[in-house]
Amino acid sequence: MTLRTRFAPSPTGYLHIGGVRTALFNWLLTRRLGGQFILRIDDTDAERNRAEALQPILDGFKWLGIDWDEGPEVGGSHGPYFQSQRKHLYTEAAHKLLDSGHAYPCYCPKEELDARRKEAEATRQNYVHRCAHRHTPAVDAWRLFTEKPAAVRLKVPDGRTVGMDDEIRGHVEWQTDLIGDPVIVRADGGALYNFATVVDDVSLRITHVIRAAEHLSNTQVQVLIYEALGQPLPVFAHVPVVNAPNSKEKLSKRKMQQFMTPEVIAQLRACHIFGPEMTDEQIKKQENINPATVAFYRALGYLPAALVNYLGRLGWSLDDKEEIIPRNRMIANFSLDRVNNAPASFDPAKLLWLAGEYMRMLPLEERVAGVIPFLHKAGLLGETLDEATRAKVRAVVEACGDRLKLFSDVLLYGGFFFTKGPQYDPQAVKKRLQKQGVPEALREFNKVLADVQPFESAALEEALRVFCEGRGVKGGDMIHALRVATTGVTIGPGVFECLAILGRAETLRRIEMALRQV
RNA sequence: GCCCCCAUCGUCUAGUGGCCUAGGACAUAGCCCUCUCACGGCUAAGACAGGGGUUCGAGUCCCCUUGGGGGUACCA
């Protein structure tokens, strides 16, 4: 028997980071041990489940390189893979349980149930629902069920325990006397989550149910359903939830809003992800692209490998020293017994560090290829990319070096190479250009630049050194002034490399522009 | 209320009774490198939630307390 795992997202229009982490653990174990990883779409809530809401989820997984063996787009022999198309299975299973006496129809009016629950609450009692007629013989129950709409309840056995051996938590068990008979099918015929999940997992032949720890309490009912259905239990593993940074609460859009800092919003804007008509506040409240979604990291040009590494290390570790664990190494070493029990907090700073590490490992040509779409979206490259432009992009990427952690960082450290002139930062101008003697020296050095041969980094540096010595100016002052004059800002690649990339004519022109600023 | 789960530096973690005066990584601070920014190097600060047991010996096993989380729905 081969391993079969699944991840069952609801089509919400975005792929949540916490969900990905759970899916990743399923995927890693499946790839490690061999078997099928199945994507099942939990679209019973027709209200908010539109077809187009599924695509971002599939795209997210594809971008991360998490592939599925059965599910949407790839099909499979156990389909359909949409819960909305599997309703007959739930009905069938419910009938089976009614026939076998493991379930019974419930006609209790909602008001009565509410009243009883409220009463129990008032007297600080624990309310365990059991319908009075729960032991009515099956045939009679069946008759009642077909006569008028009724919900179906599972008949929870009296006076025993129900439990399972969790791969991560160990043995967990509950007293059945504390579990009210749960509704498994609504009066309108819709199956409830706990029931549909089990029916699906059985029919999809799922062998390992790896899911977030928040589902642990649901397992008591689910185990009873497996029993009632006469099915063997799968292996359960409840992985710790992912919390928001500096918080004991689950990762959520709202909790992540604090990471939509002005800098991040500016970077998103630079990528032209959002139109200029959107205010910062509107961007902050965005559903689809926020720090709790995969799309956010993709939009900013994080390497998917870095995100996979980060999420894989969240709640799982290889040993006491390895942090950079590429996908293949993770697959080769993943096991549930090295998954932690405690919830883990998502740390954007560590993810950013990893992104930088992965970017550094990426060959130059791939960095160039990755950066181009970002320059393009920002409107800094023309429609067609000729060889000269490509060479320039390559030179810029090389000059950016380790500064480039995300692809969108190219806009931060090298955007000015592709504009008609620098956007002068007033503070930078004030600090570096409007300094005693600097504009004059710069004007004079501009004449030197006109003749430097060749117009390359080393020769330029040497020319400046000679100029400074001869004229008695500080090298640092000139270097800073040159940077601001040609790039407009105080950060970026080495200034001589910048000048070389800009070329002689553009350098001279920009220095002239700068001198008009002071 | 009741049930279940969880608990090592700010964060991710190593630790499965002696190797722990608790190791690594991110973040933080200082110094070095340096034309800025980043990278890199060195250093510093920083944790076993509390209390009881068990044991020659406890971060590690047991119990209690505290704190967090989840469930207790004709939500998923």
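Quick caveat, the model's predicted, so the values are computed rather than measured. Lettering follows sequence order; numbering is per chain, from 1.
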Rounded distance in Å between the [atom1] positions of [N] and [M]:
N	M	atom1	result
U16(B)	C61(B)	P	10 Å
G67(B)	A49(B)	C1'	8 Å
C19(B)	G59(B)	C1'	15 Å
U54(B)	C62(B)	P	15 Å
G24(B)	A45(B)	P	13 Å
U66(B)	C42(B)	P	47 Å
U8(B)	G71(B)	P	22 Å
G70(B)	C9(B)	C1'	27 Å

Assigned partner base of [N], Watson-Crick or wobble definition, under 3.5 Å:
N	answer
U16(B)	none
G46(B)	none
A25(B)	U11(B)
G1(B)	U72(B)
U60(B)	none
G67(B)	C6(B)
G40(B)	C32(B)

Taking 4.0 Å as the cut-off, does a side-chain nitrogen or oxygen of [X] come that near to OP1 or OP2 on [N]?
X	N	value
R360(A)	G40(B)	yes
R338(A)	G15(B)	yes
K405(A)	C39(B)	yes
S345(A)	C12(B)	yes

Provide, to the nearest angstrom, the distance between the [atom1] atom belonging to [X] and the [atom2] atom belonging to [N].
X	N	atom1	atom2	result
D425(A)	U36(B)	CG	C1'	13 Å
K435(A)	U36(B)	NZ	P	12 Å
L216(A)	G70(B)	CG	P	13 Å
I325(A)	C26(B)	CD1	C1'	14 Å
H215(A)	C3(B)	NE2	P	23 Å
L314(A)	A25(B)	CG	C1'	13 Å
Y413(A)	C37(B)	OH	P	11 Å
N126(A)	G71(B)	CG	P	16 Å

Nearest-nucleotide check on RNA chain B, I168(A) vs D188(A); residue mapping nearer the 5' end is I168(A)
On RNA chain B, compare the nucleotides closest to S217(A) and A191(A); which residue's is nearer the 5' end? S217(A)
[X], nearest nucleotide to its side chain (from [options]):
X	options	answer
N340(A)	U13(B), C39(B), A76(B)	U13(B)
D347(A)	G24(B), C74(B), G10(B)	G10(B)
K350(A)	C26(B), C37(B), C4(B)	C26(B)
T490(A)	C26(B), U36(B), C12(B)	U36(B)
W174(A)	C3(B), U36(B), C6(B)	C3(B)
E323(A)	C4(B), C2(B), C12(B)	C12(B)
R483(A)	C35(B), G15(B), C26(B)	C35(B)
A344(A)	G24(B), U13(B), C75(B)	U13(B)
A151(A)	A14(B), C39(B), C74(B)	C74(B)
E357(A)	G70(B), G40(B), U36(B)	G40(B)

Looking only at N and O atoms, is any donor in the side chain of R169(A) or the base of C5(B) less than 3.5 Å from an acceptor on the other one? no
Check if the side chain of N218(A) and the base of A76(B) share a donor-acceptor pair of N or O atoms closer than 3.5 Å. yes
Salt-bridge criterion met for K350(A) and E357(A) (N-O under 4.0 Å): no
Rounded to the nearest 0.5 Å, how far does CD of E119(A) lie from OH of Y127(A)? 9.5 Å
Interatomic distance, Y107(A) atom OH to R153(A) atom CZ [nearest 0.5 angstrom]: 13.0 Å
Within the structure shown, what part of the strands sits under 4.0 Å from [X] by heavy-atom distance: base, sugar-phosphate, or nothing?
X	result
V495(A)	base
C498(A)	nothing
P493(A)	base
G315(A)	sugar-phosphate
Q175(A)	nothing
R117(A)	sugar-phosphate
G492(A)	base

Is a side-chain donor-acceptor pair under 3.5 Å present for [Y] with [X]?
X	Y	value
S345(A)	N243(A)	no
Y193(A)	D42(A)	no
E497(A)	S457(A)	no
D201(A)	Q222(A)	no
T487(A)	R510(A)	no

Using side-chain hydrogen bond (donor to acceptor under 3.5 Å, both in side chains) as the criterion, point out the one residue from N26(A), T219(A), N218(A) that pairs with R211(A). T219(A)
Relative to F334(A), does R338(A) satisfy both conditions: NZ or CZ under 6.0 angstrom from the six-membered ring centre, and within 45 degrees of the ring's axis? no
